[in-house]
Amino acid sequence: MNPESKSLVESFLETLSRARQSLLMLDYDGTIAPFRKNRDQAFPYPGFSLLLQEIVCTGRTRVVIISGRDAHELVPLLEVEPRPEIWGLHGLQRLNRDGSVDLAPLDPATIEALAAAESWLIYQDLQQTAEFKTGSIAVHWRGLGECDAEALRGRVLLGWKPIAKTTHLHLMEFDGGIEIRARDADKGDAVRTIMSEMPPGTPAAFFGDDTTDEHAFEAMNGRGLSVLVRHRYRATAAQVWIKPPFEAFDLLAQWLHACQGHNESSNETSLEVNV
Ligand SMILES: [Mg+2]
């Protein structure tokens, strides 16, 4: 971490230690869990579930997972009790702590465009590479060699590019695949909604790794800490870059420590995040 990021983080943690409430938003795959070809085996990095559970149990941090996956897929993987709120499908879906689900409705044009994107995959006999979700289709090439991945990408784009061009759908590449999805929501919308539910000045952070997390970083800037969790640096709107899993674990451990050191007599008016 460079000196500027380090001082930003230290100042944030100081604010956190004086706050009665805070907000921790985390992407899942690549951020708190390693990528796995078999996605239903992508459990969090060792120690992360317990650490998040301890943060939840302090009662001082609202923990929210914001993922591109269907939120229900993450329930058996997270192993955090009580289970935090999970926002799935890049913010289209909200799985509340009581098990209820809020799902943003899709307009008929979006449904039709997604059906066209699915038809292309069927025509190309590529449906086995795809993950079909509400509001999006993702094709994965993790585990394939570079040439095979490039060939698959080319075949998908051949059909999907014209669809994205003439409809409301949005094409987005991520680490290990490509997704075509409704423009109706992104992780930035999720961050803005969640933050609007917290009292003004609540210390808040978002941790993410992928290009789909950039909307969330942008939504955080000026209002909290944005953290890129990635082995290799890339251009990003995030303020801080750390590597998984150890640096991410260390920062979350400091978060827990800051919450545990909360000072009851602290002055609420001094809780603004100046980042
Ligand atoms: Mg990710």
Side-chain angles (χ1 to χ4, degrees), residues 24-49 51-52 63-80 84-95 129-131 133-143 149 153 170-182 185-191 194 204-220 224-249 251-252:
L24 173 58
M25 295 172 283
L26 303 144
D27 166 56
Y28 186 79
D29 294 286
T31 300
I32 59 168
F35 290 111
R36 291 267 182 267
K37 194 176 170 209
N38 190 351
R39 289 154 49 82
D40 60 10
Q41 292 299 309
F43 291 96
Y45 290 112
F48 273 63
S49 292
L51 185 52
L52 287 176
V63 176
V64 185
I65 306 293
I66 307 176
S67 171
R69 291 211 216 189
D70 187 303
H72 294 97
E73 283 182 30
L74 299 183
V75 173
L77 298 175
L78 253 184
E79 296 181 328
V80 176
E85 184 182 331
I86 305 173
W87 287 60
L89 309 171
H90 304 286
L92 275 177
Q93 175 200 44
R94 179 179 190 165
L95 177 57
T129 65
E131 177 194 2
K133 306 185 272 190
T134 307
S136 84
I137 305 173
V139 167
H140 297 270
W141 49 71
R142 192 165 292 283
R153 178 177 175 276
H170 183 57
L171 265 181
M172 189 162 236
E173 302 219 23
F174 59 90
D175 272 342
I178 190 164
E179 184 161 15
I180 191 163
R181 63 186 172 88
D186 61 44
K187 288 189 179 183
D189 296 319
V191 162
I194 295 162
F206 177 83
F207 289 55
D209 70 304
D210 216 331
T211 45
T212 56
D213 296 313
E214 290 295 326
H215 292 117
F217 295 146
E218 283 161 17
M220 289 306 294
L225 192 68
S226 50
V227 183
L228 174 67
V229 184
R230 204 164 190 269
H231 290 287
R232 273 189 293 179
Y233 182 77
R234 65 165 160 75
T236 179
Q239 298 157 303
V240 174
W241 167 49
I242 56 173
K243 292 179 186 174
F246 301 114
E247 291 180 3
F249 187 89
L251 185 47
L252 291 174

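Residue indices begin at 1 and follow the sequence shown. Counting starts at 1 for both ligands and their atoms, in listed order. What you are looking at is a predicted structure, and each value in this text was computed from that prediction instead of being measured.
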- Task: Taking Glu179 for its side chain and Phe174 for its backbone only, find out whether a donor-acceptor pair lies under 3.5 Å.
- Result: no
- Message: Quick check with a 6.0 Å cut-off and a 45 degree axis cone: is Arg142 positioned over the face of Phe35's six-membered ring?
- Response: yes
- Task: Could you tell me which N, O or S atom of Asp29 is nearest to the Mg ion (ligand 1)?
- Result: O
- Query: Restricting to N, O or S atoms of Asp209, which is nearest to the Mg ion (ligand 1)?
  - Reply: OD1
- Any idea which N/O/S atom from Asp27 gets closest to the Mg ion (ligand 1)? OD2
- Report the residue from Asp210, Asp27, Asp209 that forms a salt bridge (Lys or Arg N to Asp or Glu O under 4.0 Å) with Lys187. Asp27
- Check whether any side-chain N or O of Ser67 sits under 3.5 Å from a backbone N or O of Gly88 as a donor-acceptor pair, and report yes or no. no
